[in-house]
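Convention: sequence-line order gives letters A, B, ...; per-chain numbering from 1.
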Amino acid sequence: MKLALNAEQRHAVEYGAGPLLVLAGAGSGKTRVLTARVARLLQEEGERPERILAVTFTNKAAGVMRDRIADLLGEEPRGLWVGTFHSIAARLLRREGDRLQRGANFTIYAEDDSLRAIKRAMEEADLDTQRWSPNLIRARISDAKNALVSADEYAASAFDLAAKATARVYPAYERILARSNAYDFDDLLANAARLLEGVPEVGDRYASRFRHVLVDEYQDTNHAQYRIVKRLAVEHGNICVVGDDDQSIYGWRGADIRNILDFERDFPGAEVVRLEENYRSTPAILEVANEVISNNRDRKDKRLRTRRPAGEPVQVVQLPDERAEASWIVEQIQGAEIGRGPQDHVVLYRTNAQSRPFEDALRRARIAYRIVGGVRFYERREIKDVLAYLQLAVNPADEAAFARAVSWPRRGVGGVTLDRLRRAAAERSVNLLDAAEIARDLDGVPPGGARSLEDFAAGISALSELACEATTEEVIRECIRSFGIVAALELEEDGADRIANVTELLAAASSFDRTDVEDATAEATDLELYLQSAALHADIDDYDDREPGVTLMTLHNAKGLEFPVVYLVGVEEGLFPLARAMESREELEEERRLFYVGVTRAEDRLFVTHANRRWRYGSEVRAEPSSFLAEMPEGPVEHRSLAVGGGRYRGAGTSRARAAGRRAGGGTRAPRESGSFGDPKRASSGGAGWSSGGASFDWHRGGRRQAEPAGEGKLRYDYSDSQEDLRLESGARVVHPRFGDGLILSVSGEGRLTRAEIEFEDGIRRKVMVAHAGLRPA
DNA sequence: TTCCCTCGTATTTTT
DNA sequence: TACGAGGGAA
């Protein structure tokens with residue numbers, strides 16, 4: 001095993017028994033350390049592969065790790081457990097199924113299946129789906145599950161109205177999942193944790209089997225994941241976690257950054273290794289990254305360093321609107337230096353909705369691109385429809401699959417028939433499929449529908465028998481044939497695309513390798529394993545950096561990847577950071593970490609763009625540069641305005657861009673109501689110092705904060721002129737452009753992060769960011 | 001039952 | 001914009 005390692009990396013690889021925390025900064029070679037460590041355990045310590053468990057967050061990361069370990073060893077290690085938390089939890093639940101209320105053929109409900117089940121649960125719990133948002137309830141239940149709070153426990157501590165509503169839905173939802181023999185995503189983790197902790201025989205067996213536990217991206221673990229890891233590792237203590245608190249970006253999904261911050265307390269005697277040498281980016285890029293992230297409070301202090309020569313300055317570019325933003329970037333890609341192809345560039349955005357203009361511009365320029373995310377393959381309607389048939393063949397109890405499959409293609413079974421069938425099934429305590437089989441004998445089921453139901457049930461049972469012996473591909477083929485799927489799609493408007501997707505499903509199924517999921521000897525059928533892996537599939541899993549084309553993806557998907565040229569786009573207040581994240585320090589810090597992740601993807605060049613106007617929900621709103629831009633250091637950054645005023649952008653590329661430039665510059669158009677994102681109605685008093693008439697903004701160095709040397713020499717946005725006579729103290733009266741007159745109750749934070757809690761004339765208390773609210777004295 | 005239209009609301013991010 | 005839900009007609 002020959003691998004070039006620096007001293008810290010080597011220490012992390014060679015450190016012996018006991019807990020080990022590797023704080024690995026972006027681009028510091030953490031995957032290298034992790035894989036080298038596993039290879040060393042196998043090769044030099046003679047550890048057997050089945051005694052090692054390595055956990056990641058995406059299937060892609062697991063695949064990379066597996067491949068690299070194989071490279072180091074020169075052979076594929078058999079028996080090694082490498083996988084995502086979710087897939088490993090699913091494997092555990094499958095193996096130990098006889099101890100649980102669910103059979104090993106359980107269905108995994110993705111988010112929209114889960115949402116449907118929540119809606120049904122709300123009906124069953126007699127809760128108005130108009131009054132309570134099913135999404136909100138689902139999020140609350142998800143949070144509870146990730147925190148390992150059961151329905152009973154939840155009910156016991158539910159005080160506010162929304163919690164009380166949730167407390168009624170939660171048990172009903174659990175009943176639906178149980179009788180459907182299904183788990184949602186969160187259940188996989190929660191039940192794995194309960195199984196390991198609650199059944200000593202099982203917990204002991206796995207804890208002693210896995211003598212070494214390694215966890216990648218530890219900063220993104222939630223409580224359930226933490227408990228799984230802890231149960232497996234606390235006795236032998238051979239746990240190695242790798243992570244970077246600065247790259248924790250999944251707090252919204254229950255990830256708890258404290259898991260990594262408190263590792264040394266959880267596992268006393270832990271060795272800590274810091275990897276701060278970066279092998280990816282230029283000093284200019286790293287300086288920007290270091291400087292911006294230093295504004296976070298919840299972090300372990302560290303600084304990335306590199307030995308690379310300085311490199312080009314980071315460019316911050318202002319453009320009139322998102323189409324100009326896209327055209328300008330396409331021009332950069334076209335005009336890039338020799339030797340640089342489309343595949344060297346990545347466009348990173350905050351939300352998937354931002355991909356459109358880039359797709360359009362790249363298509364116009366005839367540049368190949370690939371897009372990660374958006375509407376996921378396995379979530380396309382026609383794919384979900386086909387999968388519902390297969391799912392039902394595997395798991396006859398699956399109510400969601402039944403409802404979905406029986407409703408399409410149309411066979412004369414609609415809402416009424418389905419409801420009657422449900423009632424009849426409940427009376428007899430059988431599942432929907434069993435009830436359908438004898439539909440004509442059931443009271444209340446219309447005769448026409450009953451006939452169809454019986455045919456349908458017969459078809460599913462034939463499919464089910466086939467699944468025991470045939471390959472997944474054959475089962476899908478037969479499913480499509482016998483239920484007339486393609487025929488039904490042909491009648492649809494965009495049928496051709498959908499048929500193409502179904503064909504792709506066949507291809508995906510035929511290339512599925514069950515050994516990626518489970519030992520070849522496991523009892524599960526190929527179809528069962530395929531369906532479970534499809535449910536746990538992420539778009540990024542298909543990403544292959546050897547394919548040609550510009551990459552478009554969200555910042556979340558970009559974590560762990562690197563590109564020679566990175567375009568960080570839409571860096572505007574309210575979009576990045578998102579408006580709703582600006583209300584709390586924790587969420588704002590998470591947005592900043594996301595920004596940091598974006599910056600540190602870049603090897604050689606980094607472009608950060610923001611637009612003056614942007615379409616949102618079908619109307620155009622004014623946009624202001626993100627406060628993150630003000631946090632960038634001055635030295636390694638170059639600012640350009642290609643909007644209007646100074647150097648207006650006349651997009652050489654397209655007439656559309658030219659038109660956009662003219663519009664912005666000519667002033668022929670009445671200034672739109674300005675204001676924050678997401679609310680075109682919000683009028684602005686022009687408070688925050690971004691000049692409002694559509695002209696380019698003023699960068700100017702402003703008031704350094706004495707208390708904070710880090711502020712020195714930074715660019716700042718000046719909002720003093722509009723607010724100099726604003727009394728920012730409790731008791732003061734102010735006027736908010738949208739909410740009207742208000743009384744300040746309290747003020748917190750400082751500088752741009754100053755927030756005021758204000759009681760407005762409508763009697764509602766709100767917390768507003770002073771720098772952006774446009775407050776005026778009353 | 002199904003189809004079609006209108007209307008309202010939503011976008012973070014993903015296993 | 002764009003999708004889902006709900007209402008009304010065939």
Side-chain angles (χ1 to χ4, degrees), chain A residues 55-62 83-90 108-112 114-116 119 129-130 133-136 139 142 145-146 183-189 217 220-222 224-225 248-255 348-357 372-376 378-379 381 407-420 446 448-449 452 491-493 532-541 553-559 570 574-582 587 590-591 593-595 597-598 614-620 677-679:
Chain A
V55 201
T56 62
F57 273 82
T58 64
N59 298 299
K60 169 160 177 70
T84 65
F85 273 104
H86 287 84
S87 69
I88 282 175
I108 298 170
Y109 277 6
E111 207 152 343
D112 61 331
S114 149
L115 189 64
R116 258 175 254 273
K119 285 177 189 163
T129 49
Q130 297 298 319
S133 143
N135 253 317
L136 174 92
S142 172
K145 287 184 174 181
N146 283 324
Y183 291 116
D184 65 20
F185 280 145
D186 308 314
D187 283 334
L188 294 175
L189 303 176
E217 309 277 17
D220 286 329
T221 49
N222 64 30
Q225 289 161 331
S248 163
I249 56 176
Y250 285 101
W252 51 275
R253 213 169 70 194
L348 301 178
Y349 35 76
R350 180 65 242 265
T351 67
N352 280 307
Q354 289 166 255
S355 70
R356 245 310 165 61
V372 179
V375 188
R376 290 212 282 288
Y378 286 106
E379 272 165 29
R381 199 217 72 206
S407 307
W408 187 87
R410 301 277 173 213
R411 51 171 62 81
V413 176
V416 176
T417 307
L418 193 51
D419 269 352
R420 300 247 169 95
S452 298
L491 298 175
E492 292 184 12
E493 212 175 328
Q532 291 194 0
S533 84
L536 298 176
H537 175 93
D539 253 334
I540 190 67
D541 296 340
M553 64 174 126
T554 62
L555 287 144
H556 282 87
N557 271 319
K559 193 170 65 162
L575 179 62
F576 190 21
L578 279 172
R580 54 183 297 174
M582 291 159 59
E587 287 179 61
E590 181 150 314
E591 296 284 311
R593 290 193 291 268
L594 198 52
F595 187 80
V597 166
R614 190 170 289 275
W615 284 89
R616 263 205 144 180
Y617 301 145
S619 66
E620 200 174 40
F677 264 108
D679 191 351

Need one value for A:Phe185: base, sugar-phosphate or nothing, where a base atom within 4.0 Å counts as base even if backbone is also close, heavy atoms only.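 Answer is base: heavy atoms of A:Phe185 come under 4.0 Å of a base.
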
Looking across every strand, which nucleic acid part, if any, lies under 4.0 Å from A:Leu188 by heavy atom: base, sugar-phosphate, or nothing?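 Nothing, no heavy atom under 4.0 Å.
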
Got a salt bridge between A:Arg253 and A:Asp220, using NZ or NE/NH1/NH2 to carboxylate O under 4.0 Å?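 Looking at A:Asp220 together with A:Arg253, the answer is no, because their closest N to O distance does not fall below 4.0 Å.
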
Is the shortest side-chain N to carboxylate O distance from A:Glu217 to A:Lys559 below 4.0 Å?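 Here A:Glu217 pairs with A:Lys559 in a salt bridge, since their nearest N and O are under 4.0 Å apart.
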
Kindly confirm or rule out a cation-pi arrangement of A:Arg356 over A:Trp615, judged by NZ or CZ under 6.0 Å from the six-membered ring centre and within 45° of its axis?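 No, cation not above the ring by the 6.0 Å, 45° rule.
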
C:dG6 and B:dT11: how far apart are their C1' atoms, nearest whole angstrom?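 To the nearest whole Å, 23 Å.
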
Close N/O contacts between protein and nucleotides 3-7 of chain B (under 3.5 Å):
| from | atom 1 | to | atom 2 | distance (Å) |
| --- | --- | --- | --- | --- |
| B:dC3 | OP2 | A:Arg410 | NE | 3.4 |

Could you tell me how far apart [X] ([atom1]) and [N] ([atom2]) are, to the nearest whole angstrom?
X: A:Asp539; N: B:dT13; atom1: CG; atom2: P; value: 12 Å
X: A:Ile249; N: B:dT13; atom1: CD1; atom2: C1'; value: 8 Å
X: A:Leu348; N: B:dT14; atom1: CG; atom2: P; value: 12 Å
X: A:Leu491; N: B:dT2; atom1: CG; atom2: P; value: 15 Å
X: A:Asn146; N: B:dT14; atom1: CG; atom2: P; value: 16 Å
X: A:Glu587; N: B:dT11; atom1: CD; atom2: C1'; value: 15 Å
X: A:Asn352; N: B:dT11; atom1: CG; atom2: P; value: 13 Å
X: A:Phe57; N: B:dT14; atom1: CZ; atom2: C1'; value: 11 Å

Using side-chain heavy atoms (C-beta onward) and a distance below 4.5 Å, is [X] in contact with [Y]?
X: A:Phe85; Y: A:Phe57; value: yes
X: A:Arg350; Y: A:Glu591; value: yes
X: A:Val597; Y: A:His556; value: no

For the pair A:Ser142 and A:Asp186, evaluate side chain to side chain donor-acceptor pair (under 3.5 Å) and give the outcome as yes or no after the intermediate values. CA-CA 6 Å; A:Ser142 172; A:Asp186 308 314; 2.8 Å; yes

Closest to side chain of A:Asn557, choosing from B:dT14, B:dT13, B:dT11: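 Comparing B:dT14, B:dT13, B:dT11 against the side chain of A:Asn557, the answer is B:dT14.
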
Which nucleotide in B:dT11, B:dT12, B:dT14 has an atom nearest any side-chain atom of A:Glu591: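 Per side-chain heavy atoms of A:Glu591, the pick is B:dT12.
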
pi-stack flag for A:Trp615 and C:dT1, centroid dist under 5.5 Å, interplanar under 30°: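 No.
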
5' precedence on DNA chain B between A:Leu536 and A:Thr417 (nearest-nucleotide basis):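 First, find each residue's nearest nucleotide; the 5'-ward one identifies A:Thr417.
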
5'-most by nearest nucleotide on DNA chain B - A:Ser407 or A:His86: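 Looking at DNA chain B, the more 5' nearest nucleotide goes with A:Ser407.
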
Which letter, B, S or -, goes with each nucleotide of nucleotides 2-10 of chain C from 5' to 3', with contact meaning a protein heavy atom under 4.0 Å? S--SS----

Under 4.0 Å between a side-chain N or O of A:Thr554 and OP1 or OP2 of B:dT14?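 Checking B:dT14 against A:Thr554, a side-chain N or O does come within under 4.0 Å of OP1 or OP2.
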
Does B:dT12 have OP1 or OP2 under 4.0 Å away from a side-chain N or O of A:Arg580?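 For A:Arg580, the contact criterion (side-chain N or O under 4.0 Å from OP1 or OP2 of B:dT12) is met.
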
I'd like to know if the side chain of A:Asn59 and the backbone of A:Leu536 have a donor-acceptor N/O pair within less than 3.5 Å.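 Checked: pair present.
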
Quick one: does any side-chain atom of A:Gln225 pair with a main-chain N or O of A:Asn222 as donor and acceptor, under 3.5 Å?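 Pair found, side chain donor or acceptor close to backbone of A:Asn222.
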
Centre-to-centre under 6.0 Å for A:Phe576 and A:Phe595, is that the case here?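 Yes, they do, as the ring centres are separated by less than 6.0 Å.
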
